[in-house]
Enquirer: 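Dumping the structure here so I can ask a few things about it.
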Protein chains: 2
Amino acid sequence: MGWLSHEEDCVEMTRTRSAPTISQVAAAAGVSRSSVSRAFTNPHLLSEETVKNVLRIADEIGYVPNHTARALSTGRYANIAIIVPDIANPFFPPMIKAAQEDADNSGFCVFLGNSNEDPAREDQLLARFLGQVEGFILVSSRLGEQRIRHYVERCPLVLINRDIKGLPRVLIDSGPGVSEAVHHLAELGHKSIAYLSGPKRSWSNTQRLAAVKKAGRELDLKVSVISTTTPSYQAAREVSARLINTGATAVISFDDLTAQGVIAGLSDHGLVVPRDISVVGCDDVLDAATHPSLTSVSSRSAESGRTALSILLDFLRKGNTGDIRFSLDTRLVSRETTARPRLP
Amino acid sequence: MGWLSHEEDCVEMTRTRSAPTISQVAAAAGVSRSSVSRAFTNPHLLSEETVKNVLRIADEIGYVPNHTARALSTGRYANIAIIVPDIANPFFPPMIKAAQEDADNSGFCVFLGNSNEDPAREDQLLARFLGQVEGFILVSSRLGEQRIRHYVERCPLVLINRDIKGLPRVLIDSGPGVSEAVHHLAELGHKSIAYLSGPKRSWSNTQRLAAVKKAGRELDLKVSVISTTTPSYQAAREVSARLINTGATAVISFDDLTAQGVIAGLSDHGLVVPRDISVVGCDDVLDAATHPSLTSVSSRSAESGRTALSILLDFLRKGNTGDIRFSLDTRLVSRETTARPRLP
DNA sequence: ATGATTCATGCAACCGGTTGCAATGTCAAG
DNA sequence: CTTGACATTGCAACCGGTTGCATGAATCAT
């Protein structure tokens with residue numbers, strides 16, 4: 001490991017040759033800059049011959065229209081930004097990937113911002129992107145509503161998993177899936193379950209907690225709630241004692257990561273999943289790739305990205321608005337971490 | 001699920017108010033545009049009083065310098081682009097996250113491109129970003145060497161996991177880590193191990209296979225090689241019978257995903273990891289987040305991102321560099337899926 | 001032949017900043 | 001009282017495109 005220098009064949013990175021400009025093409029082709037411009041953007045305004053000629057020369061010189069200059073004069077940046085709390089959280093990549101792919105197909109480039117769950121950083125990112133994008137997708141934003149509204153005045157913006165009236169938003173509604181999970185547990189014979197809570201201020205957490213409580217009430221189950229400091233694997237692992245003390249025979253955890261933490265924590269106390277305790281995750285980011293494979297509430301993360309992007313592009317094209325609130329429901333994916341409770 | 005419209009409180013997204021410009025600030029402050037510009041970029045050229053005054057007025061009006069306009073006139077875009085084959089592959093997000101974070105701290109915005117393993121798409125992305133970035137990080141590029149060199153002439157570029165002479169590149173060398181894994185198994189007392197192979201033509205697979213064989217030879221272990229059709233969880237799960245037939249008491253698998261498949265497959269045959277068979281993964285994308293937590297060869301994906309970024313920024317600041325080939329070695333992260341073999 | 005249309009192209013202003021250079025003012029040294 | 005050095009500020013050109021309007025030529029109807 002280290003820095004190696006090869007003297008042989010030092011092609012290396014030299015100072016970058018500056019790109020050919022529209023003027024150079026114009027000069028070489030013997031036409032005005034306008035004509036070159038039009039050859040690229042409005043060829044129907046020019047004679048076929050001129051267009052062909054200009055394009056040929058441009059190609060020879062290696063000219064490519066400068067995105068930035070074009071953006072400045074037209075105001076159409078052909079860029080959008082996606083800001084997420086944590087790229088490394090497996091919940092987000094499928095979403096980013098889907099949105100990015102669709103943006104790409106519409107000729108848009110996408111900026112990616114990682115707020116690290118920090119509102120100040122998120123704010124800074126927004127500000128930095130503001131002058132060079134046509135729109136934002138803000139995922140699970142931690143930013144205050146006032147700040148968000150501030151940015152909306154300047155630039156179109158679509159929220160994912162944040163519910164603010166009047167702003168276009170896509171919400172993954174854990175309700176149905178979580179409710180289904182509770183029913184699933186009840187059917188297996190569980191009487192007492194626990195919910196391992198995520199970040200207090202998170203919209204998803206609120207949703208999930210409410211759904212667990214509601215379904216628990218309807219089915220006459222005992223529902224205990226356990227909180228962690230942060231929704232991490234380690235934090236979840238460490239609350240297992242409290243979890244066991246509740247007497248619950250099944251746990252629904254805020255997300256898949258914490259669910260895995262729970263499984264490890266239970267194991268630390270000699271308990272085996274699902275024999276001794278059943279565990280359900282949320283988001284289904286692991287597919288079936290763990291053993292035992294995790295029963296989880298599917299999150300449709302990719303679809304949310306696609307949907308948000310299409311709302312954004314629709315707005316950019318048609319100016320259409322209205323109070324858009326798109327809700328994606330979820331369902332339970334039943335796998336190997338849930339089973340009948342042990343007989344007492 | 002579906003589109004809901006609330007008539008009440010339709011704040012909605014209205015046509016965007018255009019941002020205040022430098023001229024407006026200049027007028028309001030009674031100074032020239034140059035002075036406003038300098039108040040933001042070279043305050044030391046102005047009297048303290050003027051600076052204070054301009055900034056105050058700018059703040060009142062809500063003026064923020066336009067990134068695009070600035071980029072056009074200075075040529076400093078303060079943007080870079082990262083292009084990866086597949087965002088959803090858990091190997092990449094930590095890398096992207098690390099690079100993005102450092103870029104952020106240096107005032108750079110980052111574009112993210114997803115080539116979907118498709119050279120043509122990758123080429124298109126490069127072209128599209130070209131006019132608005134100061135540099136590229138190209139990860140596991142699938143592009144032909146000629147095309148890459150073509151772009152390097154136009155714009156600084158750093159490669160990750162692609163070895164082209166003369167271009168700055170960061171390579172993750174699985175050799176040491178895999179070798180360490182073999183030693184680890186040998187120390188535990190294993191005499192016969194297996195390598196579950198990944199894609200035949202993959203550079204990483206070749207490297208890993210070679211390292212296993214070499215270390216096995218040195219330590220006088222029996223090494224069996226098992227191939228799968230594709231390196232998926234399911235495929236790995238399905239070869240467990242063949243695996244068991246080799247008589248190996250430990251397996252090193254191409255990556256973490258297939259390692260998990262192996263664990264599940266062994267379980268299908270009533271074997272428990274690590275009691276009956278030890279398993280080692282590669283890339284360490286799961287952290288400790290599974291149970292039992294996976295012993296794996298760390299890939300240092302985040303570090304590779306950080307390193308590539310710092311090479312790029314160094315170049316942007318200081319200019320010329322030599323032929324940089326930065327190699328990151330790997331090491332074994334020993335966790336819970338490896339143990340002494342059962343006594344025969 | 002003539003005025004009206006249409007087509008192809010160029011001119012010049014503009015997008016919103018930055019920056020080299022010149023102009024003006026201030027102050028201290030000679 | 002000059003003179004020169006230095007600090008402040010404005011002027012105007014420039015970055016690389018786009019686009020409304022004007023121009024001139026060719027086509028067409030009358």
Side-chain angles (χ1 to χ4, degrees), chain A residues 16-55 57-58 61-79 127-128 130-134 154-155, chain B residues 16-55 57-58 61-79 107 128 130-134 154-155:
Chain A
T16 279
R17 255 199 348 228
S18 67
T21 73
I22 202 173
S23 299
Q24 293 172 35
V25 178
V31 297
S32 70
R33 301 192 306 148
S34 336
S35 291
V36 178
S37 173
R38 288 194 263 257
F40 281 89
T41 56
N42 283 100
H44 66 274
L45 291 178
L46 261 39
S47 74
E48 273 187 40
E49 199 195 316
T50 309
V51 172
K52 224 176 56 189
N53 192 240
V54 168
L55 293 184
I57 303 246
I61 307 190
Y63 167 80
V64 178
N66 181 311
H67 197 117
T68 303
R70 175 177 292 175
L72 181 59
S73 74
T74 60
R76 295 189 305 272
Y77 295 90
N79 292 152
R128 203 172 270 170
L130 195 55
Q132 45 186 346
V133 302
E134 287 181 60
R154 285 262 191 297
C155 188
Chain B
T16 281
R17 254 200 348 227
S18 68
T21 75
I22 204 172
S23 299
Q24 292 172 36
V25 178
V31 296
S32 71
R33 301 193 306 149
S34 338
S35 292
V36 178
S37 172
R38 289 194 264 255
F40 281 89
T41 57
N42 283 99
H44 67 273
L45 291 178
L46 261 39
S47 74
E48 274 187 38
E49 199 195 315
T50 308
V51 172
K52 224 176 56 186
N53 193 241
V54 167
L55 294 184
I57 302 247
I61 306 191
Y63 168 79
V64 178
N66 181 312
H67 197 116
T68 303
R70 174 178 292 174
L72 179 60
S73 74
T74 60
R76 296 190 305 273
Y77 295 89
N79 292 152
R128 203 171 271 170
L130 196 53
Q132 45 186 346
V133 302
E134 287 180 58
R154 286 265 190 295
C155 188

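Values reported hereafter were calculated over all heavy atoms of this structure, with side chains retained and with hydrogens, waters and symmetry mates removed. Residue numbers begin at 1 in each chain, while the letters A, B, ... track the order of the sequences.
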Enquirer: For a quick test of reading the model: is some side-chain N or O of Y63(A) closer than 4.0 Å to OP1 or OP2 of dG17(D)?
Expert: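 Yes, within the criterion.
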
Enquirer: Is a side-chain N or O of T68(A) found less than 3.5 angstrom from the main chain of G131(B), in a donor-acceptor match?
Expert: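 Answer holds: yes.
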
Enquirer: At under 4.0 Å, does any side-chain N or O of T50(B) touch on OP1 or OP2 of dT9(D)?
Expert: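 Affirmative; the distance criterion is met.
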
Enquirer: Can you check the R33(B) CZ to dT9(D) P distance for me, whole Å?
Expert: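 Between P of dT9(D) and CZ of R33(B): 18 Å.
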
Enquirer: Compare side-chain N and O positions of S73(B) against OP1 and OP2 of dG17(C) and report whether any pair is under 4.0 Å apart.
Expert: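 The answer is no; no side-chain N or O of S73(B) sits under 4.0 Å from OP1 or OP2.
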
Enquirer: What's V31(B) touching, base or sugar-phosphate or nothing? Going by heavy atoms closer than 4.0 Å.
Expert: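 Answer is sugar-phosphate: V31(B) comes under 4.0 Å of backbone atoms only.
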
Enquirer: What's the CD-P distance between Q132(B) and dG17(D), to the nearest Å?
Expert: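 After rounding, the gap between these two atoms is 13 Å.
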
Enquirer: Quick check: any donor-acceptor pair below 3.5 Å linking the side-chain of T21(A) to the base of dC15(D)?
Expert: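 Per atom types, no contact qualifies.
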
Enquirer: Contact class for T41(A) (heavy atom, under 4.0 Å): base, sugar-phosphate, or nothing?
Expert: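 Sugar-phosphate: the residue T41(A), judged by heavy atoms under 4.0 Å, touches backbone atoms but no base.
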
Enquirer: Roughly how many Å is it from CD1 in I22(A) to P in dG10(C), rounded to a whole number?
Expert: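 These atoms are roughly 12 Å apart.
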
Enquirer: Rounding to a whole Å, what distance do you find between Y77(B):OH and dG16(D):P?
Expert: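 For the pair Y77(B) OH and dG16(D) P, the rounded distance is 8 Å.
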
Enquirer: Mapping A69(B) and R38(B) onto DNA chain C by nearest heavy atom, which one lands closer to the 5' end?
Expert: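 Comparing both residues, the 5'-ward one is A69(B).
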
Enquirer: Rounding to a whole Å, what distance do you find between H44(A):NE2 and dT9(C):P?
Expert: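 Taking atom P of dT9(C) as the reference, NE2 of H44(A) is at 13 Å.
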
Enquirer: Just by distance, do the side chain of T41(A) and the backbone of S37(A) share a donor-acceptor pair under 3.5 Å?
Expert: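 Judged by distance alone, yes, a pair lies under 3.5 Å.
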
Enquirer: At less than 3.5 Å, do the side-chain atoms of T68(A) and the base atoms of dC15(D) form a donor-acceptor pair?
Expert: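 A donor-acceptor contact between them is absent.
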
Enquirer: Does S35(B) place a side-chain N or O at less than 4.0 Å from the phosphate oxygens OP1/OP2 of dG10(D)?
Expert: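 Answer is yes, contact under 4.0 Å.
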
Enquirer: Got a second to check how far C155(A)'s SG is from L130(A)'s CG, nearest 0.5 Å?
Expert: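 The SG atom of C155(A) sits 6.0 Å away from the CG atom of L130(A).
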
Enquirer: N42(A) CG to dT18(D) P: how many Å, rounded?
Expert: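 Rounded to whole Å, this separation is 9 Å.
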
Enquirer: Within this structure, what is the CD-to-C1' distance between E49(A) and dC7(C), rounded to whole angstrom?
Expert: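 E49(A) atom CD is separated from dC7(C) atom C1' by 14 Å.
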
Enquirer: Using only atom types and a distance under 3.5 Å, with no angle test, would you say the side chain of N66(A) pairs donor to acceptor with the backbone of A69(A)?
Expert: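 Pair found, side chain donor or acceptor close to backbone of A69(A).
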
Enquirer: Using atom CG of L130(A) as one end and atom P of dG16(C) as the other, report the distance to the nearest whole Å.
Expert: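 L130(A) atom CG is separated from dG16(C) atom P by 13 Å.
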
Enquirer: Please compare S47(B) and L72(B) by the position of their nearest nucleotide in DNA chain D and report the one closer to 5'.
Expert: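 Its nearest nucleotide lies further toward 5', so the answer is S47(B).
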
Enquirer: Does S37(B) make a side-chain N or O approach to OP1 or OP2 of dT18(C) shorter than 4.0 Å?
Expert: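 Affirmative; the distance criterion is met.
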
Enquirer: Report the distance from atom NE2 of H67(A) to atom CZ of R70(A), rounding to the nearest 0.5 Å.
Expert: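 H67(A) NE2 to R70(A) CZ: 8.0 Å, rounded to 0.5 Å.
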
